[in-house]
**Student:** 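I have a structure here, written as C-alpha cells, and I will follow up with some questions on it.
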Amino acid sequence: MYLLLPLVENDAVAGVVGFVVSGAMGMVALAVAALVRIRGLAAFGIRRAKARHLLAGAGLGLVAFILGGIASAIYSTLSGDAQNVQSDYQAGAAAGLLGLVLTVIAGSIITPIGEEAFFRGVVANSLFNRFPAWLAVIASATIFAVAHGFNTVLPVAFVVGVLTALLFRRTGSIWPGVVLHGVNNVTATIIAPLAIAAATS
C-alpha cells in the first residue's frame with residue numbers, strides 16, 4: 001500500500017492517507033498473528049491499562065518528542081541528511097480544520113494503535129518471551145526504527161520504540177504505549193510546527 005502513496009499528488013491528502021495506512025497495516029499484522037498463533041488479543045497486550053500508566057504514557061510522549069528531536073539533530077549532523085520526511089503529515093495538519101482533524105485522528109489515534117499493536121503486541125512481546133528484557137527492548141526498538149526508513153525519523157522512532165517497549169514490559173498493555181506514541185506524533189506533526197510558525201510570524 002505504501003507503494004501507492006507517491007501517486008497521491010496532494011501533500012495534505014498523502015499525509016492523512018500515510019497515517020491511516022501505517023495504522024491499518026499494523027492492525028492487519030496483529031490479526032494475522034492472532035489467527036496463526038490462535039491466541040486471544042489479551043496475549044498481545046490488548047488489555048485494560050491503569051489510569052496512572054496512561055498518564056505516564058502521556059508524559060513520556062513529551063519526553064520522547066524532546067529526546068527524539070535531539071537524536072534526530074545528531075543524526076542530521078553526522079549524516080548530512082536534513083530532509084523533512086514528515087512534510088506530508090504537516091501539510092495535512094495545515095490544510096484547514098478538516099485536514100487538522102483528520103491528521104489528529106489518523107496520526108495520534110489510528111497510527112499509534114496499529115503500530116503499537118504490531119511492534120509491541122507482536123514483535124516486542126515475542127522477543128520478551130525469548131531474550132533478556134534489555135535485549136528485547138533494544139531489538140524491538142531497532143526493528144521499529146528501521147521500519148521507518150533510514151532518514152531523520154529513524155532515531156526518533158528508536159526513542160519511541162525503547163520507551164513504548166519499556167512501558168509494555170512494565171504494564172503488559174499496549175495502551176500506555178499508544179498514548180505515548182500519540183502524544184509524540186501530535187506534538188511533532190501539529191504542535192511544534194504551529195509553535196514555530198507563531199514564533200516566526
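All heavy atoms count here, side chains included; hydrogens, waters and symmetry mates do not.
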**Student:** In terms of hydrophobic clustering (I, L, V, M, F, W, Y; side-chain heavy atoms under 4.5 Å; direct or indirect links), are Val123 and Val160 co-clustered?
**Tutor:** yes

**Student:** Verify the cluster assignment for Leu55 and Trp175: are they in a single hydrophobic cluster under the rule of side-chain heavy atoms below 4.5 Å apart?
**Tutor:** no

**Student:** Run the side chain to side chain donor-acceptor pair (under 3.5 Å) check on Ser173 and Arg47 step by step: do they pass?
**Tutor:** CA-CA 6 Å; Ser173 170; Arg47 60 182 68 184; over 6 Å; no

**Student:** When you measure from the side chain of Asp81 to the backbone N and O of Gln83, does any donor-acceptor pair fall under 3.5 Å?
**Tutor:** yes

**Student:** Let me see the working for Val104 and Thr189 under side-chain contact (heavy atoms from CB on, under 4.5 Å), right down to the final yes or no.
**Tutor:** CA-CA 9 Å; Val104 169; Thr189 306; over 6 Å; no

**Student:** Kindly indicate whether the side chain of Leu167, heavy atoms from C-beta on, has any atom under 4.5 Å from the side chain of Leu163.
**Tutor:** no

**Student:** Do the ring planes of Phe119 and Phe144 sit parallel (below 30°), tilted (30 to 60°) or perpendicular (above 60°)?
**Tutor:** perpendicular

**Student:** Testing the basics here: between Leu127 and Ala139, what is the closest heavy-atom pair and its distance to 0.1 Å?
**Tutor:** CD1-CB, 3.9 Å

**Student:** Is there a donor-acceptor pair under 3.5 Å between the side chain of Thr187 and the backbone N or O of Phe65?
**Tutor:** no

**Student:** Report yes if the side chains of Ile113 and Met27 come closer than 4.5 Å at any heavy-atom pair, otherwise no.
**Tutor:** yes

**Student:** Do Met25 and Val146 sit in the same hydrophobic cluster, where Ile, Leu, Val, Met, Phe, Trp and Tyr count as joined when their side-chain heavy atoms come under 4.5 Å apart?
**Tutor:** no

**Student:** Can a donor-acceptor pair be found, under 3.5 Å and without considering hydrogens, that links the side chain of Ser140 to the backbone of Val137?
**Tutor:** yes

**Student:** Do Val122 and Leu41 sit in one hydrophobic cluster, given that two such residues count as connected whenever their side-chain heavy atoms are within less than 4.5 Å of each other, even indirectly?
**Tutor:** yes

**Student:** Any heavy-atom pair between the side chains of Ile138 and Phe158 that's under 4.5 Å?
**Tutor:** yes

**Student:** Apply side-chain contact (heavy atoms from CB on, under 4.5 Å) to His148 and Leu154, showing your working.
**Tutor:** CA-CA 6 Å; His148 284 74; Leu154 185 146; 5.8 Å; no

**Student:** Kindly indicate, with the supporting measurements, whether the criterion side-chain contact (heavy atoms from CB on, under 4.5 Å) is fulfilled by Asn185 and His181.
**Tutor:** CA-CA 6 Å; Asn185 282 6; His181 201 149; 3.5 Å; yes

**Student:** So, Ser108 side chain and Val186 main chain: donor-acceptor pair closer than 3.5 Å or not?
**Tutor:** no

**Student:** Is any side-chain heavy atom of Ile174 less than 4.5 Å from a side-chain heavy atom of Phe44?
**Tutor:** no

**Student:** Measuring from Leu180:CG to Arg120:CZ, what's the distance to the nearest 0.5 Å?
**Tutor:** 9.0 Å

**Student:** Is any side-chain heavy atom of Leu54 closer than 4.5 Å to a side-chain heavy atom of Pro176?
**Tutor:** yes

**Student:** Indicate the atoms forming the closest heavy-atom contact of Ser76 with Thr152, along with that distance.
**Tutor:** OG-CG2, 3.3 Å

**Student:** I need the minimum non-hydrogen distance between Val159 and Ala71, along with the two atoms involved.
**Tutor:** CG2-CB, 4.4 Å

**Student:** Following the transitive rule for hydrophobic clusters with a side-chain heavy-atom cut-off under 4.5 Å over Ile, Leu, Val, Met, Phe, Trp and Tyr, establish whether Phe150 and Val156 coincide in one cluster.
**Tutor:** no

**Student:** Counting N and O atoms only, with roles assigned by atom type, does the side chain of Thr164 sit under 3.5 Å from a partner on the main chain of Val178, one being a donor and the other an acceptor?
**Tutor:** no

**Student:** Just how far is it from atom CG of Leu60 to atom NE2 of His53, taken to the nearest 0.5 Å?
**Tutor:** 11.0 Å

**Student:** Checking Ser72 side chain against Pro155 main chain: does a donor-acceptor pair fall under 3.5 Å?
**Tutor:** no

**Student:** Taking Asn125 for the side chain and Ala43 for the main chain, is one N or O donor matched with an acceptor at less than 3.5 Å?
**Tutor:** yes

**Student:** Search all heavy atoms of Phe168 against all heavy atoms of Gly45 and return the closest pair with its distance.
**Tutor:** CE1-CA, 3.8 Å

